[in-house]
Colleague: 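What follows is a single structure, and I will ask about it in a moment.
Values in this document were obtained by computation on a predicted structure and should not be read as measured data. Chain A is the first sequence line, chain B the second, and so forth, proteins listed ahead of strands; every chain is numbered from 1.
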There are 2 protein chains.
Amino acid sequence: MLTDRQLLIFQVIVDDFIRSAQPVGSRSLSKKEEIQFSSATIRNEMADLEELGFLEKTHTSSGRIPSEKGYRFYVDHLLSPQKLDTKDVNSVRSIFTERIYELEKIVQRSAQILSELTNYTAIVLGPAVRENKLKKIQIVPLNDETAIAIIVTDTGHVENKMFHLPIGIDSSDIEKLVNILNERLTGVPLEELNGKIYKEVALVLRQHIRSYDSMFSSLVETLKIPTNEKLFFGGKTNMLSQPEFHDISKVKNLLTMIEHEEDMYDIIRKNPSGINVKIGKENGNSAMDDCSLITATYSIGTEQLGTIAILGPTRMEYSRVISLLKFFSNDLSVVLTKLYQSK
Amino acid sequence: MLTDRQLLIFQVIVDDFIRSAQPVGSRSLSKKEEIQFSSATIRNEMADLEELGFLEKTHTSSGRIPSEKGYRFYVDHLLSPQKLDTKDVNSVRSIFTERIYELEKIVQRSAQILSELTNYTAIVLGPAVRENKLKKIQIVPLNDETAIAIIVTDTGHVENKMFHLPIGIDSSDIEKLVNILNERLTGVPLEELNGKIYKEVALVLRQHIRSYDSMFSSLVETLKIPTNEKLFFGGKTNMLSQPEFHDISKVKNLLTMIEHEEDMYDIIRKNPSGINVKIGKENGNSAMDDCSLITATYSIGTEQLGTIAILGPTRMEYSRVISLLKFFSNDLSVVLTKLYQSK
DNA sequence: GTTAGCACTCCTTTATATCGAGTGCTAAAT
DNA sequence: ATTTAGCACTCGATATAAAGGAGTGCTAAC
């Protein structure tokens with residue numbers, strides 16, 4: 001329904017505004033070499049595009065800026081898959097040649113690199129521990145009253161939690177308990193741990209362990225480890241350099257929201273797999289009204305594992321960021337699969 | 001060398017400026033009930049105080065604000081130990097009645113509470129793991145190539161690191177190794193672990209373990225766990241509400257510096273035990289020129305363990321924050337001692 | 001259908017005046 | 001010898017006006 005000329009003009013306006021952060025006027029447009037019509041023609045087209053809801057004015061006699069609907073259209077229909085800079089490719093590859101084995105460190109480093117590459121804020125939702133399979137449970141008594149339970153997963157993730165020992169429990173009891181748990185629970189995904197314990201292990205335990213009841217409740221409580229994925233951030237302060245955030249109160253709202261990990265977690269988590277773009281109010285959070293969030297998922301083998309996100313102003317370099325995220329999430333998946341899939 | 005009247009005037013000026021963030025003039029001072037002289041007299045005294053370096057003007061005809069030297073004098077000589085609000089006392093106590101056992105969580109929660117109570121940024125330097133004593137080492141093989149080493153300390157802190165297994169190593173070898181390590185190293189402070197391994201354990205290991213060399217290097221590398229204390233933050237964005245940080249570039253510098261954990265670590269770490277106040281340039285970091293940092297140390301039993309810090313503008317409520325930190329660090333020490341000293 | 005021309009809008013910048021809180025200094029009062 | 005009243009002066013903050021410029025919408029000519 002848009003003519004080719006309108007499409008061209010619209011695209012040039014968006015590209016120009018993304019670069020300059022300044023409203024784009026008809027005169028400056030007419031000077032671009034890809035545009036051959038007079039400023040008056042452009043003005044007419046711009047008026048139409050505004051009527052259609054793709055463009056806005058900041059005041060009656062200003063140039064045009066893209067509206068949210070405009071960005072949405074731009075992202076959905078006008079984005080040509082951009083070839084990545086070799087410089088970017090190298091930066092990304094560089095992480096994966098560093099010999100890091102811990103999943104968490106790889107992920108943290110990813111957030112850092114992505115923020116440096118984009119100058120936006122990078123948020124990486126860590127590996128979904130809940131889907132990891134139990135490799136080993138260990139219990140280390142610290143003194144007569146407390147012990148520490150350690151859970152190791154097949155991806156090398158370690159969770160630990162302190163708990164109270166019932167009075168008078170014996171170290172041989174603990175040993176027995178640990179053996180039984182490992183025997184019965186190895187290979188079980190963490191998210192099913194609780195259920196399995198009640199269904200399959202409780203009975204066996206009761207037969208073998210003295211002072212079973214008090215011990216059991218302590219332990220079960222402990223195994224309810226919050227298996228929420230962790231968030232990793234990079235470039236939290238990058239937003240401060242964006243001209244749209246010169247207003248201190250806007251910045252404060254945004255940064256406060258970023259610090260609030262639970263909210264952030266929900267916002268990142270609920271994105272489906274693949275690349276996803278949320279523009280301005282689509283984020284459903286007033287602090288993010290002037291922001292866009294681009295997410296990509298990564299995986300180990302066939303399991304969807306986590307999410308990478310870039311948070312920038314709505315006036316974001318969509319094309320570049322999307323290419324970067326596609327490339328990055330893919331490489332990350334490959335590397336992680338290689339590292340941990342080798343059963 | 002300062003007369004009583006100068007002292008009085010100076011104190012009132014500092015208190016007023018801390019409250020209002022506005023330069024204090026002679027007229028408004030003369031209206032305070034604790035001050036009985038005319039504005040002209042006050043002007044003379046203020047001129048003297050300025051000559052002595054305790055006060056400054058923001059421009060030729062402005063009121064006075066305290067200089068850094070002034071704040072220093074104020075902190076060193078004019079601070080009356082303020083009684084804490086019962087509201088504050090209760091807030092602090094509330095953390096310690098929550099049944100949290102993990103050291104890290106207590107510490108994280110502390111940072112949060114302190115930032116809420118002060119409206120400044122709270123930074124807590126976590127327990128000094130390096131002084132913790134080894135409770136147990138465990139090694140969990142994940143697959144043929146990698147294993148994960150887990151170190152538990154007497155305070156319940158858990159460190160873990162992945163490492164590569166030499167090809168062809170046997171699970172009985174690993175078991176032997178772990179047994180020897182635990183036998184010889186239990187009770188050794190983490191910071192001495194490396195030395196001990198070379199001096200006392202290497203020989204024994206060589207006798208018992210096949211494929212010793214490759215295993216050993218892998219493991220030793222692994223035990224060089226970065227035992228740097230972790231930093232915990234609360235209220236990172238609180239600075240944005242302070243009028244002195246209305247300037248975006250100042251904020252950006254400060255927040256970027258806060259994000260940069262290594263620098264922050266050094267700044268917090270090098271404070272001696274007890275309460276410490278660093279004002280403005282004393283911090284030795286240009287991003288903190290308009291900030292003051294108040295630190296207090298906490299401990300488990302007799303060991304100095306960590307540091308709590310409050311970062312605010314130089315125009316900070318020194319009296320209140322110092323009282324709060326004294327009280328808090330003391331309570332924290334008591335609680336931690338109770339929790340972990342019960343050998 | 002396109003474009004040149006023009007009046008109009010509104011932000012930005014610059015200049016100018018005014019106000020007021022504050023100072024330093026001098027001279028009178030205590 | 002202090003203290004204080006008085007006064008000229010400074011300078012930031014605020015308001016107002018004027019000029020400039022980038023941009024628009026509309027009309028009429030191409």
Colleague: Charged N to carboxylate O under 4.0 angstrom, Glu50(A) versus Arg64(A)?
Modeller: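 Answer for the salt bridge query: yes.
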Colleague: List the steps and the verdict of side-chain contact (heavy atoms from CB on, under 4.5 Å) for Leu117(B) and Lys87(B).
Modeller: CA-CA 10 Å; Leu117(B) 243 37; Lys87(B) 206 171 127 277; 5.9 Å; no
Colleague: In this structure, how many angstroms lie between the P atom of dT3(C) and the NZ atom of Lys31(A), rounded?
Modeller: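 Spelled out: NZ on Lys31(A) to P on dT3(C) is 16 Å.
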Colleague: Which residues pass the side-chain hydrogen bond (donor to acceptor under 3.5 Å, both in side chains) test with Glu68(A), not counting sequence neighbours?
Modeller: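 side-chain hydrogen bond (donor to acceptor under 3.5 Å, both in side chains) list for Glu68(A), sorted by chain: empty.
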Colleague: Measure from CZ on Arg27(A) to P on dT9(C) and round the result to the nearest Å.
Modeller: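 In whole Å, dT9(C) P and Arg27(A) CZ are 21 Å from each other.
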Colleague: When the ring planes of Phe54(B) and Phe73(B) are compared, do they come out parallel, tilted or perpendicular, using 30° and 60° as the limits?
Modeller: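 Taking Phe73(B) first and then Phe54(B), their aromatic rings sit tilted (interplane angle of 30° to 60°).
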Colleague: How long is the line joining CD of Gln22(B) and P of dG22(C), in whole Å?
Modeller: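 Nearest whole value for this atom pair: 10 Å.
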Colleague: Can you measure Leu55(B) atom CG to dG24(C) atom P for me and round it to whole angstrom units?
Modeller: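 Roughly 11 Å, once rounded to whole Å.
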Colleague: Does a side-chain N-to-carboxylate-O contact under 4.0 Å join Asp266(B) and Lys270(B)?
Modeller: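 No, this pair does not count.
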Colleague: Should Arg320(A) and Asp85(A) count as an ion pair when the cut-off is N to O under 4.0 Å?
Modeller: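 Result for this pair is no, no salt bridge flagged.
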Colleague: How long is the line joining CD1 of Ile42(B) and P of dT23(C), in whole Å?
Modeller: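 Checked: the CD1 to P distance equals 9 Å.
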Colleague: Please give, in whole Å, the distance from dG25(D) C1' to Asp48(A) CG?
Modeller: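 Distance, rounded to whole Å: 13 Å.
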Colleague: Distance check needed: dG23(D) P versus Leu49(A) CG, whole Å only.
Modeller: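 Atom CG in Leu49(A) sits about 17 Å away from atom P in dG23(D).
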Colleague: For dT24(D), take OP1 and OP2 only and decide whether either is under 4.0 Å from a side-chain N or O of Arg64(A).
Modeller: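 Arg64(A) to dT24(D) OP1/OP2: side-chain N or O found under 4.0 Å.
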Colleague: Rounding to an integer number of Å, can you tell me how far Phe17(B) CZ sits from dG22(C) C1'?
Modeller: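 Going from CZ in Phe17(B) over to C1' in dG22(C) covers 15 Å.
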Colleague: Between protein and nucleotides 2-20 of chain D, map the contacts as a letter string: B base, S sugar-phosphate only, - none, heavy atoms under 4.0 Å, written 5' to 3'.
Modeller: -SBBB---BBS--------
Colleague: Any side-chain N or O of Lys57(A) less than 4.0 Å from the OP1 or OP2 oxygen of dA22(D)?
Modeller: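 So the side-chain polar atoms of Lys57(A) never come under 4.0 Å of the phosphate oxygens OP1 or OP2 of dA22(D).
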